[in-house]
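Taking it in order: structure first as structure tokens, then the write-up.
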Amino acid sequence: MTRKVLMKGNEAFGEAAIRAGCRFYVGYPITPQNELVEYMSRELPEHGGTFIQSESELATINIAYGIGVAGGDCLISSSSPGIALMQEGFSFACMAEVPIVILNVSRSGPGIGGIQPGQSDYFQMTRGGGNGDYRIPVFTPATMQEAVNTIYGSFEIANRYRNPVSIMVDGMMGQMMEPVVLPEAKAPLAEERIAAEKPWALVGRGTKPTRNVIKAYAPNTTILETQVLRLFKKYESMEAELPEAVLTDVEDAEMVFVAYGSAARIVAEVMTILKERGIRTGLIRPKTVWPFPNGAFDRLGERTKIVVSVELSMGQMIDDIERAVRGRYPVRLINRAGGIIPTSEEISRIAEEMIGAYR
Amino acid sequence: MDKKVFIIGGHYGSGKTEVSLNLALENRAERTKVALIDLDIANPYFRSREKTEEFSKYGIDIFGNFFRDEVTLEIPALAANVRAPLEDPETVSIVDLGGDGSGAKVLVQFMRAIENRDFEFYCVINRNRPETDSPEKAISMISEIEAATGLKISGLVNNSHFLTETTADDIVAGAVFCREIEKRNGIPLRINCCPERLTDDFSAKLSGADRSVPILPIRMIMRDAWLDQILTL
């Protein structure tokens, strides 16, 4: 491990990708992720990489598709409305099984929204706006160190499943500073090694008897259904292998919060406040939201009276929580929208009222 | 600190805004008229003008961009009245610049108001930022800011912290780092910033000429406590 440095989220995300061996970045400026675009434009060429500022988000995803098809490890990034513009490309990349790492530094919406942080892209990221049956894993780190580690590991996951992988952090995580220990730099995949490491990649036929073909198209219903079923075998493996959550004090808690990203950091302060007021709380912090860590909710015991989702949205994660809870506990929501971050005192006061009704 | 205009520049993320706000508070303890001029039109979050209401309670006016929706939109523009405190000889003005040369450039349009004043142009240095972690890189940053503004940096502000993880040794290492820059380009170390909780520890570690450099105790004003909650990884 290298020494500790103080970095802004967006810079640290870029550096994590470079250290993972990523040598291709495509992006288009949008607040609050602009520092990442700037960082990659400056740093990637220094490492022999290629930085492309595309003419639009639609171009971003499709250039990344081309890089992925040719066996390159590529990062793309944007913020909420920019991610919306890429959705068609996500669907195509899933169908054609193209590994791409997607970073969404999310802001509030809908429409153009605002530049302040939001978590209202939960549906966009976990359900997707592209057409057809497809899935993309969504990682939701809550600290800079965790975000760095996640991005560093995401290229391997994308390549392992031959599928796009996404990381969703809110604008606050992109803009805030935090000390991080950067991981060791990995060597990028050398061009002459691509054919061996990624035998599916389009690197030229060479001496092989047949050429590789990658396409987001099936000529008839039988072939299309076969491909969809094949994809869903892969998504089943993801559901078994990828879900992750951090559980804090849940065994003894009468009130269990569920929160990810910045919201989880506020909840950590809320838990200290409520402890002083005699309320036993716990936290389930999903590190992946698709696949959702359903198993974490089986750890709740008889003492739990209520599960509370804390979100910077109108309550998009709550559907997944209800599915995981399966009627065992009432599920409620504490939230703000529009880019407003609730104070820990505000959340504590509402939580106190809520638990009062179940005691 | 008998000067009336303090311009605070530096690498982005070096802590210019926290330094500016704390410097304004310190000046307010001794002077009646203190203004903070927020010229950061590069950063979308953590701008000193978000603290306008809180600072008016301390008797400090914050000037910047006050278009009504400016905090949620990005409008890289400034209100006309930002010039007023600079033109008032009785007001102590703290000028909070945007990061790097590109963020500092906006200062040029206020040159006529500044050039006749007795001002200090400080460069905030945090040696824990990867882009200013060697004297060479820090000196290059200083030159970039000087080239963009056409003004010479007159002093260094050591702000070498790691947020809540800062130790007194980190700040000492920052002071040594600034002394090395001073040795190479002649720009003196003028202020050591230190989290309030560490001022005694830090002072005890100083010797010789370093003891005469003023210490600015830093209270976190921009950064909410929830950002520094420790989460289980």
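Numbers restart at 1 for each chain; the letters A, B, ... are given by sequence-line order, proteins then strands. Quick note: numbers below take in every heavy atom, side chains included, and nothing from hydrogens, waters or symmetry partners.
Of the two parts of A:Pro141, neither the backbone nor the side chain holds a non-hydrogen atom closer than 4.5 Å to a non-hydrogen atom of chain B. A:Met173 does not touch chain B: none of its heavy atoms, backbone or side chain, sits under 4.5 Å away. In this structure, chain B has heavy atoms under 4.5 Å from both the backbone and the side chain of A:Lys4. If you measure heavy-atom distances from A:Arg285 to chain B, the contacts under 4.5 Å come from the side chain alone. Interface remark: A:Val246 contributes side-chain atoms only to the contact with chain B (heavy atom separation under 4.5 Å). Neither the backbone nor the side chain of A:Glu15 comes within less than 4.5 Å of any heavy atom of chain B. Only the side chain of A:Thr248 comes within less than 4.5 Å of a heavy atom in chain B; its backbone stays farther off.
No other option in A:Ser262, A:Ser108, A:Ala142 has as many heavy-atom pairs under 4.5 Å with chain B as A:Ser262.
To the nearest 0.5 Å, atom CH2 of residue B:Trp226 and atom OG1 of residue A:Thr272 are 14.5 Å apart. From A:Ile341, atom CD1 reaches atom CG of B:Leu227 across 7.5 Å, with rounding to the nearest 0.5 Å. Here CD of A:Glu269 is found 12.0 Å from CD1 of B:Ile230. Values are rounded to the nearest 0.5 Å. Taking CG of B:Asp224 as the reference point, atom OG1 of A:Thr343 lies at 9.5 Å (rounded to 0.5 Å).
Within residues 126-135 of chain B, the residues having any heavy atom less than 4.5 Å from a heavy atom of chain A are, in residue-number order, B:Asn126, B:Asn128, B:Arg129, B:Pro130, B:Glu131, B:Asp133. Chain A is approached within less than 4.5 Å, heavy atom to heavy atom, by B:His161, B:Phe162, B:Leu163 from residues 149-164 of chain B, ordered by number.
Annotation for A:Tyr28: atom OH does not count as buried by contact number, only 12 or fewer foreign heavy atoms lying within 6.0 Å. Applying the 6.0 Å contact sphere to NZ of B:Lys51 captures more than 12 heavy atoms from other residues, nucleotides or ligands.
The heavy-atom pair separating A:Met177 from B:Gly13 by the smallest distance is CE-O, 3.3 Å.
A:Met176 places a side-chain heavy atom less than 4.5 Å from the side chain of B:Phe46. The side-chain heavy atoms of B:Asn43 and A:Lys8, taken from C-beta on, include a pair separated by under 4.5 Å.
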